[in-house]
Student: 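Please read through the structure below; I'll follow up with questions.
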2 protein chains.
Amino acid sequence: MNLDLIDKKLINLLQKDCKQTTKKLALQLNLSVTAIYERIKKLEKEKIIKQYVALIQKNKIDRSFLVFCHLKLIQHSKEYLTTFESEVIKLDEVSECFHVSGDYDYILKIYVKDMQAYREFMVNKLTALKHIGSTHSIFTIGEVKNTTAITL
Amino acid sequence: MNLDLIDKKLINLLQKDCKQTTKKLALQLNLSVTAIYERIKKLEKEKIIKQYVALIQKNKIDRSFLVFCHLKLIQHSKEYLTTFESEVIKLDEVSECFHVSGDYDYILKIYVKDMQAYREFMVNKLTALKHIGSTHSIFTIGEVKNTTAITL
DNA sequence: ACTGAAAATGTCGAACC
DNA sequence: GGTTCGACATTTTCAGT
């Protein structure tokens with residue numbers, strides 16, 4: 001699908017606040033409510049907009065300690081990869097997990113309450129998974145930028 | 001604020017789909033529409049819910065090449081840190097940037113179109129910033145898990 | 001927390017530029 | 001592609017209990 005300038009602006013606005021009314025969006029984009037309505041429906045149908053979600057302030061729910069974990073498997077057979085992946089998905093603390101190229105195999109992004117909670121997570125959950133070779137944890141000491149929006 | 005079980009379930013539901021009607025939420029949680037309505041308002045007022053956003057399918061907008069970049073500054077004076085941070089925030093390609101402990105200073109999460117776009121980003125934007133010592137790029141070859149939700 | 005009701009929006013068809 | 005108009009369904013919002 002081809003996105004024109006208005007689509008892009010619309011997407012940018014919805015990435016900042018998806019609960020604004022079509023009326024408000026229409027005003028900002030100088031179009032009618034119906035036109036905006038139809039563009040949004042199209043973006044949803046084309047799955048360009050894949051989801052509408054609430055974002056939570058993590059420090060208010062005791063989950064603001066962020067750790068990146070670099071992880072290596074003991075071996076790289078397909079079986080090892082898939083079993084590890086299907087298991088790591090289930091861990092609630094792991095909000096992101098990417099298979100990467102380079103010195104290690106995976107990067108995990110982990111939100112927990114504090115260092116003690118991280119220790120418990122490591123001991124009881126992460127290193128309990130099969131086929132794990134080594135891990136390296138990097139602790140976040142400051143959030144400079146953290147957005148879900150891709151500016152078009 | 002103290003969250004009871006219903007609040008937690010409500011937050012979990014809104015993190016998956018924040019556009020469901022209060023009616024639908026009420027049914028799932030066995031409460032009246034108004035009760036849910038007031039709980040949501042409370043969560044918003046307390047800033048536990050900080051934002052409602054649309055999530056975009058990145059491959060449909062040519063931004064599905066994900067790179068993690070580990071970055072070191074040449075020096076760690078407060079001035080160097082703050083100027084770097086205020087500059088890196090402005091880069092649209094950088095969706096996340098965290099100050100971390102360890103071998104390097106920052107981890108950046110960067111979404112671009114492809115390797116060529118990444119090269120251009122590096123040459124023209126990132127390494128154009130002041131005070132940068134070294135960078136190390138890690139390329140993502142697979143997305144195992146990528147959620148914005150924190151399960152309560 | 002609930003019921004009930006008013007106000008606002010969402011939704012969509014139709015006629016048209 | 002865009003517009004306006006209109007109408008009904010649905011939701012949001014809130015007062016009263």
Side-chain angles (χ1 to χ4, degrees), chain A residues 1-58 60-63 147-152, chain B residues 1-64 92 113 147-152:
Chain A
M1 181 185 169
N2 238 16
L3 301 172
D4 66 11
L5 186 61
I6 293 178
D7 287 321
K8 290 180 181 176
K9 285 182 182 170
L10 179 56
I11 289 172
N12 287 342
L13 290 170
L14 291 173
Q15 285 187 110
K16 284 197 196 106
D17 177 9
C18 68
K19 280 212 153 182
Q20 26 189 345
T21 61
T22 52
K23 197 178 183 177
K24 206 172 157 193
L25 292 164
L27 281 171
Q28 294 172 78
L29 298 173
N30 286 10
L31 280 179
S32 69
V33 169
T34 310
I36 296 297
Y37 173 77
E38 279 166 358
R39 278 171 184 266
I40 293 175
K41 285 299 151 202
K42 198 169 176 185
L43 292 170
E44 290 170 355
K45 186 174 290 176
E46 302 271 349
K47 310 266 190 199
I48 290 169
I49 295 174
K50 68 171 172 185
Q51 211 180 355
Y52 295 104
V53 303
L55 299 181
I56 304 304
Q57 193 97 46
K58 291 169 191 76
K60 304 241 172 174
I61 55 162
D62 280 341
R63 295 287 286 276
T147 179
T148 55
I150 304 281
T151 306
L152 296 183
Chain B
M1 181 185 168
N2 237 14
L3 300 173
D4 67 9
L5 186 61
I6 292 179
D7 287 322
K8 290 179 181 176
K9 285 182 182 170
L10 179 56
I11 289 171
N12 287 341
L13 289 170
L14 290 174
Q15 285 187 109
K16 284 197 197 109
D17 177 9
C18 69
K19 280 212 153 182
Q20 30 189 340
T21 62
T22 51
K23 194 178 183 178
K24 206 172 157 194
L25 292 164
L27 280 172
Q28 294 172 79
L29 298 171
N30 285 11
L31 279 179
S32 70
V33 169
T34 311
I36 296 298
Y37 172 76
E38 280 166 357
R39 279 172 184 267
I40 293 175
K41 285 299 149 200
K42 197 170 177 185
L43 292 171
E44 291 169 355
K45 185 175 290 176
E46 302 270 350
K47 310 266 189 198
I48 291 169
I49 294 175
K50 67 173 174 186
Q51 211 181 354
Y52 294 104
V53 302
L55 299 181
I56 304 304
Q57 193 98 47
K58 291 169 191 75
N59 59 355
K60 302 240 171 172
I61 54 163
D62 280 340
R63 295 288 285 277
S64 55
D92 285 340
K113 182 182 178 189
T147 178
T148 56
I150 305 282
T151 306
L152 296 182

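Chain letters run A, B, ... following the sequence lines, proteins first, then strands; residues in each count from 1.
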Student: Taking A:K58 for the side chain and B:I150 for the main chain, is one N or O donor matched with an acceptor at less than 3.5 Å?
Tutor: no
Student: Please lay out, stage by stage, how B:D7 and B:I48 fare under the test side chain to side chain contact (heavy atoms under 4.5 Å, CB included).
Tutor: CA-CA 11 Å; B:D7 287 322; B:I48 291 169; over 6 Å; no
Student: Could you run through nucleotides 1-12 of chain C and give me one letter per nucleotide, 5' to 3': B if any protein heavy atom sits under 4.0 Å from the base, S if only the sugar-phosphate is that close, - if neither?
Tutor: SBBB----SSSB
Student: Distance-only, no hydrogens or angles: does the A:N12 side chain make a donor-acceptor pair with backbone N or O of A:L152 under 3.5 Å?
Tutor: yes
Student: Return the value, rounded to whole Å, for the distance between atom NZ of B:K42 and atom P of D:dT13.
Tutor: 18 Å
Student: Is there a donor-acceptor contact under 3.5 Å from the side chain of A:Q15 to the main chain of A:T151?
Tutor: no
Student: Using atom CG of A:L10 as one end and atom P of D:dG1 as the other, report the distance to the nearest whole Å.
Tutor: 15 Å
Student: Evaluate whether atom NZ of B:K23 has more than 12 neighbouring non-hydrogen atoms of other residues, nucleotides or ligands under 6.0 angstrom away.
Tutor: no
Student: Grab the NZ-C1' distance between B:K24 and D:dT12 for me, whole Å please.
Tutor: 17 Å
